[in-house]
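In this chain, numbering begins with 1 at the start of the sequence shown. Note: hydrogens, waters and symmetry copies are ignored here, and every other heavy atom, side chains too, is used.
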Amino acid sequence: MIISQSFHFDKIAMIFERLSPSKNLFSLLNQQVRSFARDPFPNKLTHYLHRAKLIDSIRLALRSNSPNSLNPLLQTRLLDSFVVANAFRSAPSADSAISFFENLKQVPNFAHSQNTIFAFATVLAKFKRKVELKALIGDAKDGKFNNVKASFMNLLFWYSTAGDLQKVLETWEEYRNEENRLSTEAHNIVMGLYAKKDMNFEAVEAFRGMIDQGVIPNSRTYTILIEHLVRLGKLDAAMEVFTVLPSMRIKRTLKQFLILVEGFVGGERFDVVKSLLKEMREDGKLPGRAMRIYLERMKEAGFAGETDEFLVEMLPDGRIKSVGSCEDSSDEDEDEDGDDDVNEGVDVHTVKLKPWLDPKALANALKQWSPEVVTILEDAKFVWTSRLVCKVLRNFTSPETAWNFFCWVASQPGFSHDIYTVQRMMTLLARHGNVELVDKLINKVRREQMILPFSTIRLLVEFYGISKNADAALKVFRNDRTLCGHISRFNLMLLYSSLLRALTKCRRNTDALDILDEMILNGICPDIQTFSGLIYHFALQGDIKTVQQLFSIIRQSGMEPDAYMFKLLIQAYCKCQRAALAYRVFVDMRNSNLMPDAATKDLLVKSLWQEGRRKEAVIVEERYEETDGVLPLALRGHVWTVSSEDLTRVYSIYSNSVIAPA
């Protein structure tokens, strides 16, 4: 293709030469089109490093007092939407971003992309430049940036970042009129803005509306709740919400730990901070540097033993240099080409920055692993830290490339793998079903007497379920769970639940029932979510006998099926054309004074009609009319993970703590 393009450009240039006396002009044209017709970089890593160098130069220029420092950088052919978007994200102020945007108008052949406009708009929103943001959005809607479009989610994000509640609510209403069901993130944005503006009642109502509509909250939702509660001084309520998250199989994030540590250190409740640090280790969290100041305060209060391990990991790495020019080494990269003139006009002695790095882009650049790429990577002299290696590993899509990188980086000066990098590699391999390599790493952990986080053991079991490796999941459960030390009864219940889910994914029904028996004999009672998952699985297969046995076990355990479990069972029977059984479940549900949501009722009636059971369909409709034609939009819960009881509990904690009694 490249050859044909060059030939085509040669013909054009020859025609122009015949028509014009100015041969030098068309000789230049010929050189330019030839240069753009071939890729100037031998591989993606080289391209990445040159881009990184240019981005650093632009970052420095945006912070320079020299008005002309930016112009030379915009004339290079390396300038593309990737470079521009990352430069916008690095802008130190709205004015510098606006100046950059205006300068780009003078660059021939540069066209903005979705990423560049999104990055520019985000900077404007971050610095509350509402007038300029509105103008930019208007230009995008008018088609001034070719195919760039501003989605409803984009608008919600920008307006909320800018703190413009009125525009957020206007966009929300428009969005709701066009979409049947809004995303979790859309709800998070509205609720989060209410919380930031201390509109407590509205924040609680937004959360209630979210769960009433059947939208499943995610980690970010609970971060908003926890942050709001801590800001109001409701530390115990925030901790109570945080404690419920494992029961709902919600991943607890580093930001949640940071918010709670900050709050409890501020309240000098160091005993709670100690338990939080312990749970961080169990969750395999590598603490961020933002937590350092709070742990130092805790150490000063006499808790050195609990904080020293984390503080050592947070110390700045002396090998990481600031960007004096774009060639200095860092936590990210080093470019050795020091005679380029792209830094002209930048006072590099007064501006110091850490070099730019994008772990996702770097991982993408390493896709085609080869001896040539390894040589370039070594010459770049990256400063490899556990944090950086974990970030790069997280962004690999190929387990083979990730393993090659993992083995290579182990031999780099000043770096050695720790439990954080090992667990990251293990979970990636397990997700792709590479049992042999996971076993190698497990042997390394055992040999070096490392302590695996409990969360890693659970993830291995769950990922083996995804990759359909039931035997490997059973092996981890039987033989390797001791690597994380003592496991509490609650965590053991979670681990059993993960194993049961993995076995059902692999269609190992007999093994799943055996594990359930073992679990109960060991005095570990499954929670309602686990039972719901098992019932849904066996009902989908039409195994009525096992479903009935599970219902019996539930009642023997002192639990009662909730509305969400009945809903799952009705859905499962309808899907496998067993509407008569679904109707019997509906009758049991009504006898328990419960009603399905509107969608489940409609599905049941439709299935009954399709199977010729008109009498039963009429009865369902009559029961519906007895409720004055009002059914919930959705029932709270999610199969295998979230129970109606837990969601109701979190809502109760949040509403009672945020809305003061009259």
Note to self: Going by side-chain contact (heavy atoms from CB on, under 4.5 Å), name the residues that satisfy it together with Asn443, two or more places apart in sequence or in a different chain.
What the structure shows: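 Applying side-chain contact (heavy atoms from CB on, under 4.5 Å) to Asn443 gives Arg446, Arg447.
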Margin query: For the residue pair Arg252 and Phe242, would you count it as a cation-pi contact if the rule is NZ or CZ under 6.0 angstrom from the ring centre and within 45 degrees of the ring axis?
Written below: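 Yes, a cation-pi geometry.
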Check: Can Arg297 be said to sit on top of Tyr294's aromatic six-ring, NZ or CZ under 6.0 Å from centre and within 45° of the ring axis?
Finding: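 Negative - Arg297 is either too far from the ring of Tyr294 or too far off its axis.
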Notebook entry, point to check: Considering residues at least two apart in sequence or located in another chain, which fulfil the side-chain hydrogen bond (donor to acceptor under 3.5 Å, both in side chains) criterion with Thr122?
Noted result: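 By the side-chain hydrogen bond (donor to acceptor under 3.5 Å, both in side chains) rule, Thr122 matches Trp158.
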Item checked: side-chain hydrogen bond (donor to acceptor under 3.5 Å, both in side chains) partners for Ser498, two or more places apart ->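 Per chain and number, Ser498 pairs via side-chain hydrogen bond (donor to acceptor under 3.5 Å, both in side chains) with Arg458, Glu462.
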Keeping the roles fixed (side chain from [X], backbone from [Y]), state whether a donor-acceptor pair exists under 3.5 Å.
{"X": "His50", "Y": "Thr46", "answer": "yes"}
{"X": "Asn434", "Y": "Ala430", "answer": "no"}
{"X": "Asn404", "Y": "Glu400", "answer": "yes"}

Notebook entry, point to check: Quick one: salt bridge (Lys or Arg N to Asp or Glu O under 4.0 Å) pairs with a partner in residues 421-440, sequence neighbours left out?
Noted result: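 Pairs touching residues 421-440 that pass the test: Asp439-Lys475.
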[X] [atom1]: over 12 foreign heavy atoms closer than 6.0 Å:
{"X": "Gln368", "atom1": "CD", "result": "no"}
{"X": "Lys251", "atom1": "NZ", "result": "no"}
{"X": "Glu645", "atom1": "CD", "result": "no"}

Decide if the gap between the ring center of [X] and the ring center of [Y] is smaller than 6.0 angstrom.
{"X": "Phe157", "Y": "Phe118", "answer": "yes"}
{"X": "His417", "Y": "Phe406", "answer": "yes"}
{"X": "Trp384", "Y": "Phe405", "answer": "yes"}
{"X": "Trp640", "Y": "Tyr564", "answer": "no"}

Checklist line | Side-chain touch Leu254/Met280, heavy atoms, less than 4.5 angstrom | finding: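 When only atoms from C-beta onward are counted, Met280 and Leu254 do touch, with a gap below 4.5 Å.
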Check: With a 3.5 Å cut-off and no angle check, do the side chains of Glu185 and Ser183 form a donor-acceptor pair?
Finding: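 No.
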Notebook entry, point to check: Sequence neighbours excluded, which residues qualify as salt bridge (Lys or Arg N to Asp or Glu O under 4.0 Å) partners of Arg489?
Noted result: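 With neighbours one apart ignored, the set is empty.
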Review item, side-chain donor-acceptor pairs of residues 519-535, under 3.5 Å, at least two apart:
| from | atom 1 | to | atom 2 | distance (Å) |
| --- | --- | --- | --- | --- |
| Asn522 | ND2 | Tyr496 | OH | 3.1 |
| Asn522 | ND2 | Glu518 | O | 3.3 |
| Asp527 | OD1 | Arg249 | NH2 | 3.4 |
| Asp527 | OD1 | Thr530 | N | 3.0 |
| Asp527 | OD1 | Thr530 | OG1 | 2.7 |
| Asp527 | OD2 | Arg249 | NH1 | 2.6 |
| Asp527 | OD2 | Arg249 | NH2 | 3.1 |
| Gln529 | NE2 | Ser247 | O | 2.8 |
| Gln529 | NE2 | Thr641 | O | 3.0 |
| Gln529 | NE2 | Asp646 | OD2 | 3.4 |
| Thr530 | OG1 | Arg249 | NH2 | 3.4 |
| Thr530 | OG1 | Ser497 | OG | 2.8 |
| Ser532 | OG | Ile528 | O | 2.9 |

Check: Are any of the side-chain nitrogens in Asp80 or Arg51 under 4.0 Å away from the carboxylate oxygens of its partner?
Finding: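 Salt bridge: yes.
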